[in-house]
Student: 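Attaching a single structure in structure tokens format; questions to follow.
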Amino acid sequence: MSSAIINGKEIGQEIRGEVAIRVEALKKQGLTPGLAVILVGENPASKTYVANKQKSCEQIGMYSELIKLPAETTEENLLDQIRTLNEREDIHGILVQLPLPKHINEDEVIATISPEKDVDGFSPVSVGKMMLGQDTYLPCTPYGVMKLLEYSGIEVAGKHAVIVGRSHIVGKPMGQLLLQKDATVTYTHSKTPDLPSFTKQADIIIAAVGRANFITKEHVKEGAVVIDVGINRDENNKLCGDVNFADVDGIASHITPVPGGVGPMTITMLLSNTVQSAENVLARQTT
Ligand code: GUN
């Protein structure tokens, strides 16, 4: 029997419908949620991501603004742009598309974004609050994975989740969010010896290593839930995930496809975080 497909496109649409209703409610109160995206340089993948973010904002009635800076822009110029956006009342979310050119200190840039507008959830303040389980903006991809599990009726409490990959954007925060929902969490990564001995124990596998078709049936226990966060190109230049879908299909109980699994959820949660930020502005005004 085939594995059940977790359809991120459908779940993403459902959540975007809920977010669009919140946008309408804010607009009735005279507030249009606004997202500013800063793109430095000409990285083709980044350009595509940014265009998709803008289109999605417009589709649900939000304001979006793209600030394009040349690759040779100075760090000080970028920091100035962020400081200006921090002060602007019509902007509720600020996102600096990563990666940045080598001469710019990414940590410095992220730390300059006001935590109140850090809708990516990448700043040290946001990460610290997330670790402590405090109210904050959660990083969009792991947050989106939690929503996929929730909307698919997959119980997390008491399950063993094995994370493959330890990036700041996905792996590390993913483990924290699962831990907060009472999963037992194991982190693995590229230097973990005998990876299958770990992943074979998993009730939930989160594949976030950035290697095409890396997770195969030898990694997966019968009935495990397999979440594929990868976006890669295979040897035929075809879009594929970190999981060899055909190999794992029928062994996993549930699996996310690439494309159409985790991908659509990242932008969905970015929209949700930006709307939350605008709602927080109104809440601060009335208290
Ligand atoms: N580059 C790849 N993924 C992301 C993301 O989620 N946010 C930002 N800002 N840059 C990225």
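For the single chain, residues carry numbers from 1 onward in sequence order. Counting starts at 1 for both ligands and their atoms, in listed order. This one's a predicted model, so the numbers in the text were calculated from it and none came from an experiment.
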Student: Identify, for atom 3 (N) of ligand 1, the protein heavy atom at the shortest distance, and state residue, atom and that distance.
Tutor: Ile169 CD1, 4.2 Å
Student: Quick test of your reading of the model: are Arg284 and Glu279 salt-bridged, counting only N-O distances below 4.0 Å?
Tutor: no
Student: Which ligand 1 atoms, with their elements, are less than 4.0 angstrom from a heavy-atom of Val96?
Tutor: 8 (C), 9 (N)
Student: Determine whether more than 12 heavy atoms belonging to other residues, nucleotides or ligands lie under 6.0 Å from atom NZ of Lys55.
Tutor: no
Student: Using a strict 4.0 Å threshold on nitrogen-to-oxygen distance, state whether Glu150 and Lys181 make a salt bridge.
Tutor: no
Student: Out of all atoms in ligand 1, which are within 4.0 Å of some heavy atom of Phe122? Include the element for each.
Tutor: 5 (C), 6 (O), 7 (N), 8 (C), 9 (N)
Student: Looking only at protein heavy atoms, identify the closest one to atom 1 (N) of ligand 1 and say how far it is in Å.
Tutor: Leu98 O, 3.0 Å
Student: Ignoring hydrogens, just give me the one of Asn43, Leu95, Asp120 whose non-hydrogen atom is nearest atom 7 (N) of ligand 1.
Tutor: Asp120
Student: Would you call Asp242 and Arg211 a salt bridge, using N to O less than 4.0 angstrom?
Tutor: no
Student: For atom 11 (C) of ligand 1, what is the closest protein heavy atom, and at what distance to 0.1 Å?
Tutor: Gln97 NE2, 3.4 Å
Student: So, are Asp203 and Lys221 salt-bridged, with charged N and O less than 4.0 Å apart?
Tutor: yes
